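One structure is given below, encoded as structure tokens.
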Amino acid sequence: VQTDTTVVVSWAQMKELYIPEIVSDGIREYKVTAIMPHMNCDVAFCYNSPYEKVVIPSTIRSLGDCCFWGAYELHTIVMRSKTPLPFNRALEPNKSIALYVPKGSLQAYQEADGWKKFTIVEGEPVPDFTVDGLTYRIKPGTNSVSIVACNDMSAFVGNVVIPEKINYGEEEFAVAEIANDVFSNI
């Protein structure tokens, strides 16, 4: 803990990181307002951290310089703040990372330095879904999906047939790509 209102958040082994709004030491509660570098690294979530999704609460007012730099697995950021935070080179701008922002804040993020270089989507991310042993992820801002995992190779006999389209709920999506290593366990 740095002050009464700032917490140093560090790296851990998990795929999704939900930064809390408040933390407690059992005696006092502290509002989480900043993500700062880890004391043993120049970044809070050191290079090659396993995070694929990060949810940043509206209480955060500051992102430390390069706090997510090198988070190469990251594909989804959910910002709860309607006002874009100063970017401060928080991470490498990348159109392949979906930045989900609160309703009514799309234009502010599209005009904000740093953040405008991401694929910005208004609303909440749709969870990955599985059909016939393959897990799909909707590509933000499109009507297409990526295959991101093969959950059970025993479900396939002979050849694996990748469908051109897949239905999820009431919508039909084009299957646009297969992520690296999906079938590496064959």
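Please read all numbers here as calculations on a predicted model, not as lab measurements.
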Is R80 paired with E21 through a side-chain N to carboxylate O contact shorter than 4.0 Å?
no
Going from OG on S144 to CD1 on I166, what distance comes out if it is rounded to the nearest 0.5 angstrom?
13.0 Å
In short, K139 meets E177 closest at the heavy-atom pair NZ-OE2, 3.3 Å
Under 4.5 Å between side-chain heavy atoms, hopping through other hydrophobics if needed: is there a path connecting V55 to V23?
no
Measure the acute angle between the ring planes of W115 and Y109, then classify it against the limits of 30° and 60° as parallel, tilted or perpendicular.
perpendicular
Treating Ile, Leu, Val, Met, Phe, Trp and Tyr as nodes and any side-chain heavy-atom pair under 4.5 angstrom as an edge, say whether L63 and V54 lie in one connected cluster.
yes
Taking all non-hydrogen atoms of both residues, which atom of V148 and which atom of A179 are closest, and how far apart?
CA-CB, 4.1 Å
Within one Ile-Leu-Val-Met-Phe-Trp-Tyr cluster: V101 and L74, side-chain cutoff 4.5 Å
yes
Please say whether more than 12 non-hydrogen atoms of neighbouring residues, nucleotides or ligands are located less than 6.0 Å from CD in E164.
no
In this structure, OG1 of T119 is separated from CD1 of I77 (nearest 0.5 Å) by 10.5 Å
For D25 and I27, the nearest pair of non-hydrogen atoms, with its separation, is OD1-N, 2.8 Å
Heavy atoms only: give me the nearest E172-N143 pair and the separation to one decimal.
O-ND2, 3.4 Å
d(F129 CZ, L134 CG) to nearest 0.5 Å is 10.5 Å
Straight-line distance of I35 CD1 to L17 CG, nearest 0.5 Å:
7.5 Å
How long is the gap from NZ on K53 to CG on D128, to the nearest 0.5 Å?
9.0 Å
Is any side-chain heavy atom of I60 less than 4.5 Å from a side-chain heavy atom of S81?
no
Kindly work out whether a path of hydrophobic side-chain contacts (I/L/V/M/F/W/Y, heavy atoms less than 4.5 Å apart) joins L85 to Y100.
no
Greater than 12 external heavy atoms within 6.0 Å of E16's CD:
yes
Against L99, only a single residue in Q110, K117, M79 fulfils side chain to side chain contact (heavy atoms under 4.5 Å, CB included); can you say which?
M79
So CD1 of I178 and CD1 of I147: to nearest 0.5 Å the spacing works out to 4.5 Å
For K103 and K82 the tightest heavy-atom approach is O-CE, 4.0 Å
If Ile, Leu, Val, Met, Phe, Trp and Tyr residues are connected whenever their side-chain heavy atoms lie under 4.5 Å apart, and connections chain through other members, are V126 and Y18 in the same group?
no
Which label fits Y168 and F173: parallel for a plane angle under 30°, tilted from 30 to 60°, or perpendicular past 60°?
tilted
Would you indicate whether the side-chain heavy atoms of I97 and H75 approach each other to under 4.5 Å?
no
Taking atom types as modelled, find out whether T33 and T59 have a side-chain donor-acceptor pair closer than 3.5 angstrom.
no
